Q: 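Attaching a single structure in structure tokens format; questions to follow.
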Amino acid sequence: MGTTSFLTRAQRLLRIRNQLVRECLGEVLATFVMMTITLASAAQKIAFFETKGNIMTSYLGGALGVMAGIYTAGGISGAHMNPAFSLAMCLIEQFPWWKFPIFVVVQILGSFISAAAVYVLYYDAIWHHSNGTLTVTGPQETASIFATYPADFVSIGNGFLDQVIGTGVLIIVVMGIMDPRNKPVPKGLEPVVVALLVLSIECSMGANCGCPLNPARDIGPRLFTYLAGWGPDVFRWVEGRGQG
């Protein structure tokens, strides 16, 4: 009885009543879950194979990460996890514009924290593979665990167009899934369908730039790698870098 009473009082004390704070925490948590699974999947290529060849590991991890993130906080914040999706929701007047910059910040924060978590999780593997030097280019580079980089044949213009088309397809289909007037998805399976959508886009459009499809997915981890020792090269478009 005493333990139950203590837990009840603790729950009342810790309960967050402000709706915006609840949504922001939900969005951070959803983005963190999505990105941790995504980045850890990329890091396993280093830990298990010491090669960047098994790209399907990253693609499948990214898709499953999206599914897990939506199930984590879809009923709290909507689990946007992507500034492009938040912007689309604002444009169709399903999300208030004043919340847009707040959600962008918390999405990037969730991605940044997840990059730090994966760095700690695979710390030994990263340093073993890199031979003690954190680089963005070359056979021992490890920056592509955290952020995507263009293939060596991709120009800036082609890379920009690649992301516009890929992200556009993602948003259009997600909007179709959400539209109650459209062919409905079985209730509760929407995250699974979105995950399959992400996987299909990654498999068909991932060759140029790795298919990030999400500014927060790219900016947060890239900021982390810059601060963690990879340096300013993480922000540079270097021809001949290679996809990794």
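Being a predicted model, the structure only gives us computed values, none of them experimental.
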Q: Using the ring centroid of each side chain, check whether F95 and F100 are separated by less than 6.0 Å.
A: no

Q: About how many Å separate OG1 of T31 and CZ of F112, when rounded to the nearest 0.5 Å?
A: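 If we round to the nearest 0.5 Å, F112:CZ and T31:OG1 are 14.5 Å apart.
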
Q: Do R222's NZ or CZ and the ring of Y149 fall within the cation-pi criteria of under 6.0 Å and 45°?
A: yes

Q: List, one per line, each side-chain donor-acceptor pair under 3.5 Å for residues 78-85, sequence neighbours excluded.
A:
unit_1, atom_1, unit_2, atom_2, d
H80, ND1, S86, OG, 2.8
N82, OD1, A84, N, 2.9
N82, ND2, L213, O, 2.9

Q: Give a yes or no on whether I145 and V136 share a hydrophobic cluster (residues Ile, Leu, Val, Met, Phe, Trp, Tyr; joining criterion: side-chain heavy atoms under 4.5 Å apart).
A: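 Yes, I145 connects to V136 through the hydrophobic network.
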
Q: Locate the shortest heavy-atom distance separating A43 from Y122; write the atom from each residue and the value.
A: CB-CD1, 3.4 Å

Q: Transitively linked via ILVMFWY side-chain contacts under 4.5 Å: I113 with V120?
A: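 No; tracing contacts between hydrophobic side chains, which count when under 4.5 Å, never links both residues.
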
Q: Return the minimal non-hydrogen interatomic distance between T72 and I76, and the atom names on each side.
A: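 In terms of heavy atoms, the two residues are closest at O-CD1, 4.5 Å.
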
Q: Do you know which two heavy atoms are closest between G166 and I201, and how far apart they sit?
A: O-CD1, 4.1 Å

Q: Can you list the residues that meet the side-chain contact (heavy atoms from CB on, under 4.5 Å) rule with N18, with sequence neighbours excluded?
A: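 Partners of N18 under the side-chain contact (heavy atoms from CB on, under 4.5 Å) test: L20, V21.
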
Q: Nearest 0.5 Å, what's the OG1-CG distance between T38 and L60?
A: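 These two atoms lie 10.5 Å from each other.
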
Q: Which heavy atom of V154 sits nearest a heavy atom of P150, and at what distance?
A: CB-CB, 4.2 Å

Q: At their closest point, which heavy atom of A216 faces which heavy atom of P221, and how far apart are they?
A: O-CD, 3.7 Å

Q: Same cluster or not: are Y226 and L134 linked, directly or through other Ile, Leu, Val, Met, Phe, Trp or Tyr residues, by side-chain heavy atoms under 4.5 angstrom apart?
A: yes

Q: Sequence neighbours excluded, which residues qualify as side-chain contact (heavy atoms from CB on, under 4.5 Å) partners of D124?
A: none

Q: Do S77 and E23 have a side chain donor and acceptor closer than 3.5 Å?
A: no

Q: Would a hydrophobic clustering, with Ile, Leu, Val, Met, Phe, Trp and Tyr connected at side-chain separations under 4.5 Å, put F103 with V28?
A: no

Q: Drop me the distance from T148's OG1 to E202's CD, to the nearest 0.5 angstrom.
A: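 Taking OG1 in T148 and CD in E202, the distance rounds to 10.5 Å.
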
Q: Ring-plane angle category for Y123 and W127, please: parallel below 30°, perpendicular beyond 60°, tilted otherwise.
A: tilted

Q: Taking CD in E93 as the centre, count heavy atoms belonging to other residues, nucleotides or ligands within less than 6.0 Å. Is the count above 12?
A: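 No, the 6.0 Å shell around CD holds no more than 12 heavy atoms from other groups.
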
Q: Grab the two heavy atoms, one from L39 and one from S114, that are nearest each other, plus how far apart they are.
A: CD1-OG, 3.9 Å

Q: Roughly how far, to the nearest 0.5 Å, is CG of D152 from OG1 of T137?
A: 12.0 Å

Q: Applying the 4.5 Å side-chain criterion to the ILVMFWY set and letting contacts propagate, would L227 and M35 be lumped into a single cluster?
A: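 Yes, one cluster joins them.
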
Q: How many angstroms lie between OG in S130 and CH2 in W230, if you round to the nearest 0.5 Å?
A: 7.5 Å

Q: Kindly compute the distance separating CE (M175) from CG (L170), expressed to the nearest 0.5 Å.
A: 9.5 Å

